[in-house]
Amino acid sequence: MDRLRLADSTTVREGEVQTAQANGASLILSRVRGKVCAVENKCPHFGLPLARGKVAGGTIRCPWHGSRFDLCSGENLDWVNSVAGLPLPLWSRSLVAMGKKPAPLRRFEVVEKNGAVFLLARD
Ligand code: FES
């Protein structure tokens with residue numbers, strides 16, 4: 001199993017996210033309850049970057065339309081409920097979703113060792 005170095009451990013902090021590049025993908029690294037997690041920096045709604053979203057309680061909220069995701073499992077917790085931070089009335093949410101159904105973020109396996117975070121790449 002190969003490893004790709006993504007970041008220094010000390011730069012991945014609780015309540016924050018940072019981005020890293022790996023194999024052509026943009027990743028979000030975060031530390032949740034001491035554990036480093038990695039998900040793709042790409043919202044499954046329109047494929048826009050998530051990294052500038054609000055981070056709270058191990059989740060990130062998409063800055064574009066408010067979908068919220070678990071930073072470790074990638075699970076979708078809320079789907080399209082705002083535009084640029086302004087809440088949408090319930091009736092309009094499916095219009096803004098434009099037929100896209102709730103979907104999780106792609107997650108990546110990472111390991112922390114010797115002061116660095118590595119992506120585990122399977123053969
Ligand atoms: S692009 Fe993320 S919710 Fe629309």
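Treat the numbers as computed from the prediction; the structure is a model and nothing was measured. Along the sequence shown, residues carry numbers from 1. All values below come from the heavy atoms of this structure, side chains included, with hydrogens, waters and symmetry mates left out.
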task = Evaluate the criterion side chain to side chain contact (heavy atoms under 4.5 Å, CB included) for residue pair R3 and K113; output intermediate values, then yes/no.
result = CA-CA 11 Å; R3 295 181 198 189; K113 191 166 186 177; 3.4 Å; yes
message = Apply side chain to side chain contact (heavy atoms under 4.5 Å, CB included) to residues N81 and L88 and explain how you reach the verdict.
response = CA-CA 5 Å; N81 58 20; L88 286 170; 5.7 Å; no
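Side-chain contact annotation: Q18 with T11, donor-acceptor N/O pair under 3.5 Å present.
Under the 4.5 Å side-chain heavy-atom criterion for grouping Ile, Leu, Val, Met, Phe, Trp and Tyr, V83 is connected to F69 within one hydrophobic cluster. Neither V111 nor V32 shares a network with the other; the hydrophobic side chains, linked directly or stepwise wherever heavy atoms of I, L, V, M, F, W or Y lie under 4.5 Å apart, form separate groups for each. Both V117 and L119 are part of a single hydrophobic cluster, where members link through side-chain heavy atoms under 4.5 Å apart. No chain of hydrophobic side-chain contacts below 4.5 Å, direct or via other Ile, Leu, Val, Met, Phe, Trp or Tyr residues, connects L29 to L105.
Other residues, nucleotides and ligands place no more than 12 heavy atoms under 6.0 Å from the CH2 atom of W64. Shown here is D8, whose CG atom has more than 12 heavy atoms of other residues, nucleotides or ligands within 6.0 Å.
Here the closest heavy-atom approach between residue R61 and residue D78 is recorded as NH2-OD2, 3.5 Å. Closest heavy-atom contact between V17 and S30: CG1-CB, 4.1 Å. Minimum interatomic distance between S67 and N76 (heavy atoms only, all atoms of both residues): CB-ND2, 4.3 Å.
The OG1 atom of T10 sits 9.0 Å away from atom CZ of R31, with the distance rounded to the nearest 0.5 Å. To the nearest 0.5 Å, atoms CZ (F108) and CG (L4) are separated by 11.0 Å. Atom SG of C37 and atom CD of E109 lie 11.5 Å apart (nearest 0.5 Å).
S9 contributes a side-chain N or O that, together with a main-chain N or O of A116, makes up a donor-acceptor pair within less than 3.5 Å. A donor-acceptor pair under 3.5 Å is formed between the side chain of E14 and the backbone N or O of G34.
With contacts defined as side-chain heavy-atom distances shorter than 4.5 Å, the pair V110/L6 qualifies. Proximity of K100 to W79: side-chain heavy atoms (C-beta onward) are separated by under 4.5 Å at one or more points. At least one side-chain heavy atom of S26 sits less than 4.5 Å from a side-chain heavy atom of Q21. With a 4.5 Å cut-off on side-chain heavy atoms, T19 and L27 do not count as touching.
Remark: D70 engages C72, S73, E75, L77 in a side-chain contact (heavy atoms from CB on, under 4.5 Å) (not counting sequence neighbours).
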What side-chain donor-acceptor pairs closer than 3.5 Å can you find for residues 43-59, not counting sequence neighbours?
from	atom 1	to	atom 2	distance (Å)
H45	ND1	H65	ND1	3.2
H45	NE2	V96	O	3.3
H45	NE2	A97	O	3.3
T59	OG1	A56	O	2.7

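Alongside L95, the hydrophobic cluster contains W91 (criterion: ILVMFWY side chains under 4.5 Å).
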